[in-house]
Amino acid sequence: LPQSALFGQKFEPNYDESKIPPYTLPDPLVTAAGKRITTARQWESERRPVLLKQFATQVYGVTPERRLATRYEVTAVDSAALGGTAIRKQISVHWTDYPNLPSLDILLYVPKKTKRPPVFVGLNYMGNHSITTEPGITLSTRWLPNRSDGKVVNNRATEAARGVQMSRWPLELIISKGYSVATAYYGDLEPDHPEGWKTGIRSVLGPPTDQKNDGWQALGVWAWGMSRMLDYLETDGLVDAKRAIALGHSRQGKAALWAGAQDLRFAAIIANESGEGGAALSKRVFGETIERVNTSFPYWFCLQYRTYNGRPEALPFDQHELLALIAPRPLYVASAQGDQWADPKGEFLSARQTDPVYKLYGKKGIGTDHWPPIHTPVGETVHYHIRAGEHDVKRYDWEQFINFADQQVK
Ligand code: GTR
């Protein structure tokens, strides 16, 4: 398989609109044979499965069908969390046939005032202890990326790592608005480094790495893990798993989209600054490219994806068709002005291109051709905003996600 021409070379991203090579986007409603899809039924029987398979074989790798046996262990419950407003539960998903495989440890917050609320489901980057300083949360003992502030040393969390990402998880806001939130550390499923698969789900499930061009890699595993979280939530009467909202930021936004495309149980999907291989169009060469992401993270996408390195025009589809696989469910695509790497405009254009598919269901997608200015959320069933500031998840983003959920899910 082609290696990237970028190895050992400096990558000069294009940030100039006038230097984007002309590109044509495939119409999601036209089959490879040139047939036009005109009904939701045709979309579901003839077109959607073909696109889903293409994303599996060409981009993320094929998700193994074999199911792992699980045992759920509730390790802690606090019925007076967050100043008495929430129930907090910690649940370990054990993989019963593989006692040495690390458990998937779920942290669940449920508002006390709301009966069976909708639930946001999202992976976190730095361990469950990183999303709040509430004592009583098990400090992750798993491999974590080291931090220059010394809060993660020798790839292990220290007590000082509690709450390091709390700005990304405004729990009081989420709970006060009547939503539940379930999170887990993505490294429980596969640590985010090239050797991570050896201690993660891929060590027991799917083809050995590097042996199949369409074998799943890390993004596929993280997406799969979100579905396993949902499996658990379906058994927990405290939340309404029929109103589960998959959400992810950046690489986890890519995973959330792939999870939502494959798993129709997710009632809505939110991809925050998911960029290349997420919501952004690949054929629109702006910021990160397929070749760049495959070079920086050769263990994220399937090997076949590398055949498009430097030639996105050869892709028979583009990421707007991944977004179309979410239809008719509500979708939120969010960008940030300071995150040009993820191509905010390409994220909007991609979301915009899903409109014809939503229309098959009598729904409006984004409903505007105009890329909105900052802090001006737009959309009907598909929402979009661009906020000021850098690549991150901010309170502003959550406020919009909650408004969207109020309209579309509640
Ligand atoms: C970057 C990567 C992006 C995005 C980001 C993140 O380095 O190039 O595609 O995934 O990481 O996950 O924060």
Side-chain angles (χ1 to χ4, degrees), residues 4 6-7 9-15 55 59-61 122-127 130-131 143-148 152 164-165 167-169 183-187 189-194 196 217-223 225-226 246-260 269-302 305-306 308-310 312 315 318-319 322-323 333-347 350 386-387 389-394 397:
S4 170
L6 289 172
F7 274 112
Q9 273 187 29
K10 200 170 173 315
F11 172 64
E12 298 285 354
N14 173 45
Y15 289 125
F55 281 101
V59 184
Y60 304 102
L123 297 167
N124 65 68
Y125 280 89
M126 297 204 180
S130 71
I131 75 151
W143 180 95
L144 283 157
N146 284 332
R147 290 173 61 101
S148 53
V152 177
V164 286
Q165 292 216 317
S167 65
R168 288 189 174 182
W169 300 88
T183 188
Y185 171 50
Y186 77 144
L189 298 154
E190 175 162 335
D192 191 355
H193 61 79
Q217 296 222 63
L219 282 170
V221 174
W222 298 326
M226 295 184 73
L247 130 151
H249 167 63
S250 205
R251 65 199 70 181
Q252 291 169 17
K254 307 183 210 292
L257 289 169
W258 183 226
I269 317 293
I270 300 171
N272 193 65
E273 300 158 33
S274 57
E276 191 70 27
L281 295 171
S282 301
K283 293 178 192 286
R284 196 183 119 88
V285 178
F286 189 100
E288 192 173 27
T289 63
I290 294 177
E291 182 167 27
R292 181 68 255 173
V293 75
N294 277 333
T295 307
S296 315
F297 305 102
Y299 57 95
W300 280 7
F301 296 91
C302 76
Y305 198 39
R306 295 183 194 170
Y308 301 101
N309 281 355
L315 271 174
D318 208 327
Q319 295 301 115
L322 176 72
L323 302 186
V333 172
S335 307
Q337 177 72 33
D339 185 17
Q340 294 296 310
W341 182 243
D343 187 12
K345 188 174 181 185
E347 295 189 314
S350 177
I386 175 167
R387 68 155 166 75
E390 74 277 29
H391 183 65
D392 198 358
V393 191
K394 301 281 199 194
D397 300 313

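One-based numbering along the sequence shown. Atoms within each ligand, like the ligands themselves, are counted from 1 in listed order.
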key: Side chain, backbone, both or neither: the part of Arg292 lying under 4.0 Å from ligand 1 by heavy atom   =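 Contact part for Arg292 vs ligand 1: neither.
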
request  = Check each heavy atom of Lys254 against ligand 1 and say whether those closer than 4.0 Å belong to the side chain, the backbone, both or neither.
outcome  =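 Side chain only.
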
ask   = Do Glu347 and Ser335 have side-chain N/O donor and acceptor atoms under 3.5 Å apart?
value =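 Their side chains do contain a donor-acceptor pair, which is all the 3.5 Å distance test asks for.
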
key: Side-chain H-bond candidate by donor/acceptor type, Asn294 with Tyr305, under 3.5 Å   =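 Tyr305 and Asn294 do not have a side-chain donor-acceptor pair below 3.5 Å.
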
Passing option when Asn272 is tested against Leu247, Asp392, Val393 for side chain to side chain contact (heavy atoms under 4.5 Å, CB included) =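 Result: among Leu247, Asp392, Val393, Val393 is the only option passing the side chain to side chain contact (heavy atoms under 4.5 Å, CB included) with Asn272.
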
task = Identify which of Glu273, Gln252, Arg251 has a heavy atom lying nearest to atom 12 (O) of ligand 1.
result =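 Comparing heavy atoms across Glu273, Gln252, Arg251, the nearest one to atom 12 (O) of ligand 1 lies in Arg251.
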
query = Does Gln165 offer a backbone N or O that forms a donor-acceptor pair with the side chain of Ser130 under 3.5 Å?
reply =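 Not confirmed, Ser130 side chain does not pair with Gln165 backbone.
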
query = Which pair of heavy atoms, one from Ala342 and one from Ala280, lies closest together, and at what distance?
reply =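 Shortest heavy-atom contact: O-CB, 3.5 Å.
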
ask   = What orientation do Trp258 and Tyr60 show, parallel under 30°, tilted 30 to 60°, or perpendicular over 60°?
value =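 The rings of Trp258 and Tyr60 lie parallel, inter-plane angle below 30°.
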
query = What class does the angle between the rings of His249 and Tyr125 fall in, given that below 30° is parallel, 30 to 60° is tilted and above 60° is perpendicular?
reply =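 Because their plane-to-plane angle is over 60°, the rings of His249 and Tyr125 count as perpendicular.
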
message = Show me which atoms of ligand 1 lie under 4.0 Å from any heavy atom of Phe297.
response =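 Matching atoms, with element in brackets: 2 (C), 7 (O), 8 (O).
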
query = Of all the atoms in ligand 1, which lie at a distance below 4.0 Å from a heavy atom belonging to Tyr125?
reply =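 Checking each atom against Tyr125, I get 12 (O).
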
query = Got the closest protein heavy atom to atom 13 (O) of ligand 1, with its distance?
reply =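 Scanning the protein heavy atoms, the shortest distance from atom 13 (O) of ligand 1 goes to Ser250 OG, 2.7 Å.
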
request  = Measure the distance from atom 3 (C) of ligand 1 to every protein heavy atom, then report the residue, atom name and distance (to 0.1 Å) of the closest one.
outcome  =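 Closest protein heavy atom to atom 3 (C) of ligand 1: Glu288 OE1, 3.3 Å.
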
task = Indicate yes or no: does an N/O atom of Trp300 lie under 3.5 Å from an N/O atom of ligand 1?
result =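 The answer is no, given that Trp300 and ligand 1 share no N or O pair closer than 3.5 Å.
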
inquiry  = Would His249 count as a polar contact of ligand 1, with the cut-off being nitrogen or oxygen pairs under 3.5 Å?
reply    =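 Between His249 and ligand 1 (N or O atoms, distance only) the closest approach is not under 3.5 Å.
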
key: His391 touching ligand 1 at heavy-atom level, < 4.0 angstrom   =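 For ligand 1, residue contact (heavy atoms, under 4.0 Å) with His391 is present.
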
